[in-house]
Novice: 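Sharing a structure below in structure tokens format, with a few things to ask.
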Amino acid sequence: MNNTQNNVSGILSVVMPAYNEENSIEQIVNLVLARPEVGELIIVNDASTDKTWEKLQVFKDNPVVKLINVEKNQGKGAALIRGFSEATKTYVLVQDADFEYSPEDYPIVLAPLLAGKADVVYGSRFMCTPGQVRYFGHEMGNKLLTLVSNIFSDIHLSDMETCYKCFKREVIQNLKLTSKRFGIEVEMTAKLAKSRCLRIWDVPITYAPRRYDEGKKIGWKDGVAAFFHIVRFNMFTSEEKSFVKPWNEVL
């Protein structure tokens with residue numbers, strides 16, 4: 001047990017975008033920091049108008065935590081791009097600043113990477129895992145977007161829109177990402193698929209969706225925009241605009 005923990009200790013950079021999460025930010029940060037895999041937590045406060053930034057100050061002297069405050073709201077995608085650029089550990093994982101996704105699933109998400117079988121891992125909400133009953137329309141919308149994404153990208157994912165995406169650091173930092181809002185999920189998937197050489201895995205994770213009155217931010221307009229992004233990034237984006245370096249110089 002101790003040897004296993006030592007092997008994974010501090011290997012993970014967690015990137016956490018945060019916007020108006022005063023009700024959950026302290027608790028989720030503590031849950032992330034309790035994981036032995038976490039060597040770095042990069043929190044990008046996207047110009048929150050509530051007390052999110054104020055509550056984050058309790059972590060300002062923690063050497064594992066890097067706090068970044070953006071003065072003008074730019075969107076989840078912009079926050080992730082900033083966080084990815086700051087990552088320094090072996091693997092990089094996205095963590096939302098609420099309780100929909102559990103840090104207890106980090107070992108599951110990391111397992112294919114640590115086994116040398118994957119370059120990217122998607123934590124899927126739709127692989128028959130137990131969890132809270134979900135909104136039917138929202139889940140069907142996510143599955144439809146995943147289906148359309150799979151058709152255009154020619155890879156078979158079960159959950160394209162999942163938050164839990166984990167990468168080798170050199171992989172995520174080799175993507176040229178531009179989406180400022182929720183289109184970042186589509187863009188990452190399209191450009192990862194475009195590589196035609198990355199090993200992408202699906203693994204089952206738990207999921208506890210929050211209600212819209214609890215602050216769920218994605219809506220139908222983001223879903224409509226996602227269809228546009230699927231076509232744009234899969235069909236009309238060149239490799240030159242997708243990658244910093246050729247993959248044979250990265251892997």
Side-chain angles (χ1 to χ4, degrees), residues 10-35 37-103 106 109 120 122-123 161-189 191-192 210 214-219 222 225 229 244:
I11 62 172
L12 189 60
S13 291
V14 176
V15 177
M16 180 185 292
Y19 176 67
N20 288 353
E21 300 287 4
E22 64 179 6
N23 294 327
S24 61
I25 193 67
E26 286 187 72
Q27 298 97 314
I28 192 63
V29 169
N30 281 321
L31 288 175
V32 171
L33 293 178
R35 295 302 314 173
E37 303 90 349
V38 177
E40 181 174 64
L41 173 57
I42 303 163
I43 307 172
V44 183
N45 177 53
D46 193 21
S48 294
T49 57
D50 64 0
K51 294 182 180 180
T52 296
W53 183 245
E54 179 182 330
K55 291 193 172 186
L56 283 171
Q57 297 315 298
V58 299
F59 303 103
K60 66 180 181 180
D61 295 323
N62 189 317
V64 176
V65 179
K66 182 168 188 176
L67 299 177
I68 300 171
N69 189 42
V70 178
E71 294 185 357
K72 183 178 179 181
N73 181 261
Q74 298 181 38
K76 180 179 180 178
L80 286 178
I81 292 168
R82 175 66 185 277
F84 292 152
S85 71
E86 301 280 347
T88 64
K89 301 302 179 180
T90 306
Y91 305 106
V92 181
L93 178 141
V94 179
Q95 171 72 57
D96 280 348
D98 55 36
F99 302 118
E100 289 191 324
Y101 296 82
S102 172
Y106 288 179
V109 177
V120 181
Y122 279 52
E161 291 277 0
T162 180
C163 162
Y164 269 4
K165 296 178 176 71
C166 193
F167 319 84
K168 291 180 177 178
R169 179 172 53 83
E170 59 269 27
V171 168
I172 189 58
Q173 292 182 343
N174 197 47
L175 298 186
K176 291 182 178 179
L177 299 172
T178 60
S179 298
K180 291 187 175 181
R181 286 183 52 77
F182 293 104
I184 193 72
E185 312 291 359
V186 173
E187 183 180 8
M188 284 191 288
T189 300
K191 291 181 176 178
L192 290 167
R210 62 177 170 176
E214 293 176 317
K216 197 170 187 66
K217 300 175 179 68
I218 193 167
D222 295 297
H229 292 310
V244 178

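The figures here come from the full heavy-atom set of this structure, side chains too, leaving out hydrogens, waters and symmetry mates. None of these values were measured; they are calculated from a predicted model.
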Novice: In chain order, what residues pass the ring pair (Phe, Tyr, Trp, His ring centres under 6.0 Å) check against Y164, with sequence neighbours excluded?
Specialist: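 Ring pair (Phe, Tyr, Trp, His ring centres under 6.0 Å) check on Y164 returns Y101, Y106.
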Novice: So, using side-chain contact (heavy atoms from CB on, under 4.5 Å) as the criterion, who are the partners of L67 when residues are at least two apart?
Specialist: I43, W53, L56, Q57, K60, V65
Novice: Please name all residues satisfying side-chain hydrogen bond (donor to acceptor under 3.5 Å, both in side chains) with S48, sequence neighbours left out, ordered by chain then number.
Specialist: N45
Novice: Measuring from atom CD1 of I81 to atom OG1 of T178, what distance do you get when rounded to the nearest 0.5 angstrom?
Specialist: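 Nearest 0.5 Å value for the CD1-OG1 distance: 6.5 Å.
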Novice: Could you go through E161 and V186, starting from their C-alpha distance and side-chain angles, then the distance that decides it, and tell me whether this counts as side-chain contact (heavy atoms from CB on, under 4.5 Å)?
Specialist: CA-CA 7 Å; E161 291 277 0; V186 173; 4.2 Å; yes
Novice: Give every residue pair that meets the salt bridge (charged side-chain N to carboxylate O under 4.0 Å, His left out) criterion with at least one member in residues 63-85, sequence neighbours excluded.
Specialist: K66-E86, K76-D96, K76-E185, R82-E86
Novice: According to side-chain contact (heavy atoms from CB on, under 4.5 Å), who are the partners of V58, at least two apart in sequence or on a separate chain?
Specialist: E26
Novice: Run the side-chain hydrogen bond (donor to acceptor under 3.5 Å, both in side chains) test against N30 and tell me which residues pass, sequence neighbours left out.
Specialist: none
Novice: With respect to N20, which candidate in T49, D46, N73, T52 satisfies the side chain to side chain donor-acceptor pair (under 3.5 Å) definition?
Specialist: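 Testing each of T49, D46, N73, T52 against N20, the sole residue satisfying side chain to side chain donor-acceptor pair (under 3.5 Å) is T49.
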Novice: Are any non-hydrogen side-chain atoms of C166 and L12 less than 4.5 angstrom apart?
Specialist: yes
Novice: Tell me, yes or no, whether the heavy-atom count around K176 atom NZ, taken from other residues, nucleotides or ligands under 6.0 Å, exceeds 12.
Specialist: yes
Novice: Would you call F182 and H229 a side-chain contact if the rule is heavy atoms closer than 4.5 Å?
Specialist: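 Result no, sub-4.5 Å side-chain heavy-atom pair not found.
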Novice: Considering only heavy atoms from C-beta outward, does the side chain of M188 approach that of L177 to under 4.5 Å?
Specialist: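 Result yes, sub-4.5 Å side-chain heavy-atom pair found.
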Novice: For L41 and F59: C-alpha separation, side-chain torsions, deciding distance, then whether side-chain contact (heavy atoms from CB on, under 4.5 Å) applies.
Specialist: CA-CA 10 Å; L41 173 57; F59 303 103; over 6 Å; no
Novice: Please list, chain by chain and in numerical order, all residues satisfying side-chain hydrogen bond (donor to acceptor under 3.5 Å, both in side chains) with T162, sequence neighbours excluded.
Specialist: none
Novice: What residues form a salt bridge (charged side-chain N to carboxylate O under 4.0 Å, His left out) with K191, not counting sequence neighbours?
Specialist: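 Here the qualifying residues are E187.
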Novice: Between CZ of F84 and CD1 of I184, what distance do you get to the nearest 0.5 Å?
Specialist: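 The distance works out to 6.5 Å.
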Novice: With sequence neighbours left out, what residues match Q173 under side-chain contact (heavy atoms from CB on, under 4.5 Å)?
Specialist: A87, R169
Novice: Applying salt bridge (charged side-chain N to carboxylate O under 4.0 Å, His left out), name anything that partners E40, two or more places apart in sequence or on another chain.
Specialist: none
Novice: CD of E100 to CD of Q95: how many Å apart, nearest 0.5 Å?
Specialist: 10.5 Å
Novice: Under the salt bridge (charged side-chain N to carboxylate O under 4.0 Å, His left out) rule, collect the residues that match up with K89, sequence neighbours excluded.
Specialist: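 Applying salt bridge (charged side-chain N to carboxylate O under 4.0 Å, His left out) to K89 gives none.
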Novice: To check you understand the geometry: which heavy-atom pair defines the closest contact between P103 and R35, and what is its length?
Specialist: O-CD, 3.4 Å
Novice: Tell me, please, which residues at least two apart from K168 pass side-chain hydrogen bond (donor to acceptor under 3.5 Å, both in side chains).
Specialist: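 For K168, the residues satisfying side-chain hydrogen bond (donor to acceptor under 3.5 Å, both in side chains) (neighbours in sequence not counted) are D119.
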Novice: May I ask you to decide if E22's main-chain N or O and K55's side chain share a donor-acceptor pair within less than 3.5 Å?
Specialist: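 A pair under 3.5 Å: yes.
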Novice: Enter the distance from L80:CG to C163:SG here, rounded to the nearest 0.5 Å.
Specialist: 8.0 Å
Novice: Between A97 and I25, what is the shortest heavy-atom contact and its length?
Specialist: CB-CD1, 3.8 Å
Novice: Verify side-chain contact (heavy atoms from CB on, under 4.5 Å) between I28 and M16, making sure each step is shown before the conclusion.
Specialist: CA-CA 10 Å; I28 192 63; M16 180 185 292; 4.0 Å; yes
